[in-house]
Every structure is written in structure tokens, then in C-alpha cells.
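Below: the structure, in C-alpha cells.
Residue indices begin at 1 and follow the sequence shown. Note that this is a predicted model, so its numbers are computed, not measured.
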Amino acid sequence: MSKNVVVVGTQWGDEGKGKIVDWLTDHAQGVVRFQGGHNAGHTLVVGKNEYKLNLVPSGIVRDGVICFIGNGVVLDAHHLLEEISRLEKGGIEVRRRLRVSPGCPLILGYHSALDQAREAARSDGSKIGTTGKGIGPAYEDKVARRALRVYDLFDPQRFADKLRANLDYHNFVLARYLNAEPVDFQSAFDQAMKDGEELRPLVSDVSAELYALNKNGGSLLFEGAQGALLDIDHGTYPFATSSNCVAGQAAAGSGLGPGSLHYVLGITKAYCTRVGGGPFPTELDIETEGMPGEQMSHRGREFGTVTGRKRRCGWLDLAALKRSIIINGVTGLCITKLDVLDGLAELKLCTGYVLDGKRIDLLPLGAEEVARCEPIYESLPGWNASTVGAKSWGALPQEARTYLHRVEEICEVPIDVISTGPEREETILRRHPFGA
């Protein structure tokens, strides 16, 4: 009998979802990306090989698994083709196993131009920290019903007409409002037509294929990008991404009904990180040597996969995690990077906040309210032993087990998986998502 699992990040992204998706893929026949764009960065370590993925689902490094890019993804076709080429040069078979929805809105050159020009025009305190890859403007066009979609690539006249109208609008904003260079029509058109021809063999009715695969007993794994606290509706708005990152989007962004989503695995670092702007209640100093935040940054190699920016680090925020559990319907948690905390004498868990003189136990909605939250901490003893590569619950130091038990108690959700390193086998399994 088929079973479908959704993997989502429960923090501000960068939780280590790619490794877990890859690890779970041996139980799935298909892996699906359902939102975001090439602003996502998933790093996989398989033996001596390291793969950095942006658009191609993480299941691609498992032989025989079909990978799907659903209609909820905004697609930079040129970037996708370059990513495919890199993977193929690394010995990974991609084209025979990758399906792209014709409904994906396209990211074109004017989207990234707008993204970068807008960010440059913002004052320092209001900068979003966008990757500048055009994700937000592409989603804006989708909602405004002027997006060019993958299926438009295969009707050159229709594509040209829509592109010309869009450039009339967007170039006015670029040149007159943002003092940036306009985008040339012919260059944009020619590149899109060239990419479209190469993309054409990969385009497929993803919704219908997923339904058929499921009906025939195949199990699916849905791979979220970014994290729930960056969700455009439920995150720290406006310091958010431009898509819905929550588990429910797996249905809308793939074309498979919500009744087909059976288990939601929430990926959570043993501490918190955030890249870019926005409030971060438990943020620590990451520059002073010997301080907990500096250890998290250095030992955790906390640099963005896409941008290379240094990530901000802080204590694990359980009030924020509980909000993620609610909005995603999390069935079980996976804790990653536990080993980064090895050697710290004292650990802190944020169990709630003081806001306007009152205690609250859940992350509030909106950046302004979150910025005014003062964290309430609970202290626990750290551990001196190494947890790197541990493969069983009993192999963890008692203090580490106590730390994890406390997370379970406060969040009222079981920790089903613990990742203790980047390799597939460096994983502690307490309850399998596909068998739960």
C-alpha cells in the first residue's frame, strides 16, 4: 500500500532537509518539489561525493527514483538546465528521471533585475535579505495573472506577445522608478526559446503522473524548500519568502489532493539559524571566539548554500517550533546537527516569550511583534562526549537524550529521527516515517 510523506523545514530554512529526503528516498518511488525556486539550496553527501541542488529534487541521487517539479515551483529554465548538466557531468542520470510541470511560472531576466534593484533601493533596516534570483517578482506575476508559464514556451507567438506586454510594464518600473537598466526583449525571447526546446522533453502532466503512480501502489516523498517560519502567510512577514512553505502546499503545488498526504516530518536543527534580515528572538553573538554562537557558526559550517552568506545562530526556539508544528500538522520531528552542541557546558531552550509584559508560548504573527519578544530560557546541562555519527539512541550521552526528551515534552510531538552527520548512515531511527 502506498504511503506519502511530506518533509518540511520548521525553522527559517537550512535545517538539513536535503540529506533527510535523500535518506528517505529508498522507500519512495517519486520525489516531488512543490514550491520555491532556485533560491533553495540542498546539499547531499553520498560517500566521497557532494551534490549541491537548487531545483532538482534531492531524490535524484537514488537510482531509479522519478523526480517531479510541481506547478507550485517558479522555474528558471536556464538555471535548471545548467544544474542538470552539472549533475550529469558528475555521473548522475537526470533527464530520463525528471518531470517538469507545464504549469510552472517562469522566472525570466526581468524578474531577477527587479529583485536586485528593489533590494538595493531599500534602507539597511528594511532589507529582506532576498537572494536576488527573481523569486518574489515571479510569484507576483503569477498572482497578478500575467505570468509566462512553461507551456507558453511552446507557442512562440503567444510567448512573444505576453513577453512584450510584461516588459512594457516591468521596464517602466526598472527605468523610471528604480533607476535600473531595462531588459532587452529580443535577448530575453531568444534565450527563452532556446531553453524551451531543451526543456521540452522533460515536460509532463505531473499531477496525472503522481496520481497514477500512487494508484499503482507507489509511495511519494514531497520535498519542501526554505522553512515554515519564512512562509508568506505564516512566517515573520515581510521578512519571508514569496511562497507557502508549509506542508499543505504539497497538495496545491503538485496537483495531488490533500487526502494523499499521510505523514509530515518536520526537520529541526538542534539550535536555530537564520540567513538574511528579520527578527530572531534567540540570536547569539557568532563573532566572539569561545561563545556558544561562535561554536554553532564555526562547527556547523553555517554559510548559505545559495548565497554563501554567514548564517545568524541562536538557541533552539521551542515557541517558534510549536508554531511550525501547528501550521504544518507535524507528525514527527527530525533533529539535525546535534553534534554541533557537543562540548558546550550549558544549553538553553527558549520555552516562550515575554511580549508587552505578558508570557506567550507561541511565536506571534508578523515581524514587528516577533521583534518585541523577549525569550524565556530553560537551562540544561551539556555533554562532553561526541555524538558525531551515532547510529542508536543508546549511543547518545545521557545529557543529549535529556535535551531531546525535553524538546518532545514541550512540543508534544515525538522525535522520530536524529541526524548525527551528513552521511546517509549517520542517522538514528526511532520510528520510520514510511512505516509509522
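Between E283 and R274 there is no salt bridge, since no side-chain nitrogen of the basic residue lies less than 4.0 Å from a carboxylate oxygen of the acidic one. Salt-bridge check for D22 with R62: passed, with a basic side-chain N closer than 4.0 Å to an acidic carboxylate O. The pair D152-K162 meets the salt-bridge criterion, since a charged nitrogen lies less than 4.0 angstrom from a carboxylate oxygen. Taking 4.0 Å as the cut-off between side-chain N and carboxylate O, R118 and E140 count as a salt-bridged pair. Salt-bridge check for E198 with R95: passed, with a basic side-chain N closer than 4.0 Å to an acidic carboxylate O.
Listed here is the closest heavy atom pair of I20 and C334: CD1-SG, 3.6 Å. Residues I428 and A390 approach most closely at CG1-O, 3.4 Å, considering heavy atoms. When all heavy atoms of N54 and E83 are compared, the closest pair comes out as N-OE2, 3.0 Å. Across L153 and G196, no two heavy atoms sit closer than the pair CD1-CA, 3.9 Å. The minimum heavy-atom distance linking L341 with R299 is given by the pair C-NH1, 4.4 Å. When all heavy atoms are compared, the tightest approach of P279 to A367 is CG-O, 3.6 Å.
Counting only N and O atoms by type, the side chains of Q11 and D317 include no donor and acceptor under 3.5 Å apart. For the 3.5 Å distance criterion, the side chains of S58 and K17 fail to qualify, holding no donor opposite an acceptor. Counted by atom type alone, D339 and T420 present zero donor-acceptor pairs between their side chains at under 3.5 Å.
The side chain to side chain contact (heavy atoms under 4.5 Å, CB included) with Q35 is formed by just one residue from the set S254, S242, S243; it is S243.
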Evaluation steps, side-chain contact (heavy atoms from CB on, under 4.5 Å), between V413 and L321: CA-CA 10 Å; V413 170; L321 180 54; over 6 Å; no
Would D76 and K133 count as a salt bridge (Lys or Arg N to Asp or Glu O under 4.0 Å) if you check the C-alpha gap in whole Å, the side-chain angles of each, and the deciding distance to 0.1 Å? CA-CA 9 Å; D76 184 321; K133 296 183 178 295; over 6 Å; no
side-chain contact (heavy atoms from CB on, under 4.5 Å) evaluation trace for R99 with I66: CA-CA 8 Å; R99 312 283 191 271; I66 303 173; 4.0 Å; yes
Mind running side-chain contact (heavy atoms from CB on, under 4.5 Å) on Y139 and I232 for me, showing each step along the way? CA-CA 11 Å; Y139 274 117; I232 190 64; over 6 Å; no
In sequence, state the C-alpha distance, the side-chain angles, and the governing distance for E82 and H79, and then conclude on side-chain hydrogen bond (donor to acceptor under 3.5 Å, both in side chains). CA-CA 5 Å; E82 288 182 338; H79 182 95; 4.8 Å; no
Residue pair Q295, Y271: steps toward the side-chain hydrogen bond (donor to acceptor under 3.5 Å, both in side chains) verdict: CA-CA 11 Å; Q295 175 170 317; Y271 51 101; over 6 Å; no
Might you work through the side-chain contact (heavy atoms from CB on, under 4.5 Å) test for L108 and L163, ending with a clear yes or no? CA-CA 10 Å; L108 298 164; L163 176 63; 4.3 Å; yes
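Using a 4.5 Å heavy-atom threshold, the side chains of S112 and I107 count as separate. Inter-residue side-chain proximity for I84 and L202 is flagged as met; some heavy-atom pair is nearer than 4.5 Å. Within the 4.5 Å cutoff, the side chain of S2 has no heavy atoms near those of the L220 side chain. The closest side-chain heavy-atom distance from L265 to L24 is below 4.5 Å. Looking only at side-chain heavy atoms (C-beta outward), T273 and M296 stay at 4.5 Å or farther from each other. Within the 4.5 Å cutoff, side-chain heavy atoms of L347 are placed close to those of W383.
In this pair, F189 and F159 present their aromatic rings tilted. The plane angle is within the 30 to 60° band. Ring geometry for H170 against H111 counts as perpendicular: the plane angle is over 60°, on a 0 to 90° scale with 30° as the lower cut.
The CE atom of M193 sits 10.5 Å away from atom CD of Q191, with the distance rounded to the nearest 0.5 Å. Atom CD1 of residue I335 and atom NZ of residue K269 lie 12.0 Å apart, to the nearest 0.5 angstrom. Atom CG of L333 sits about 7.5 Å away from atom CG of D416, to the nearest 0.5 Å. Atom CH2 of W23 is separated from atom CG of L221 by 11.0 Å, given to the nearest 0.5 angstrom. Between the OG atom in S386 and the CG atom in L338 there is a gap of 10.0 Å [rounded to 0.5 Å]. The CG atom of L318 sits 11.0 Å away from atom CD of E409, with the distance rounded to the nearest 0.5 Å.
Side-chain N or O atoms of S419 include one that pairs as donor or acceptor with a backbone N or O of G421 at under 3.5 Å.
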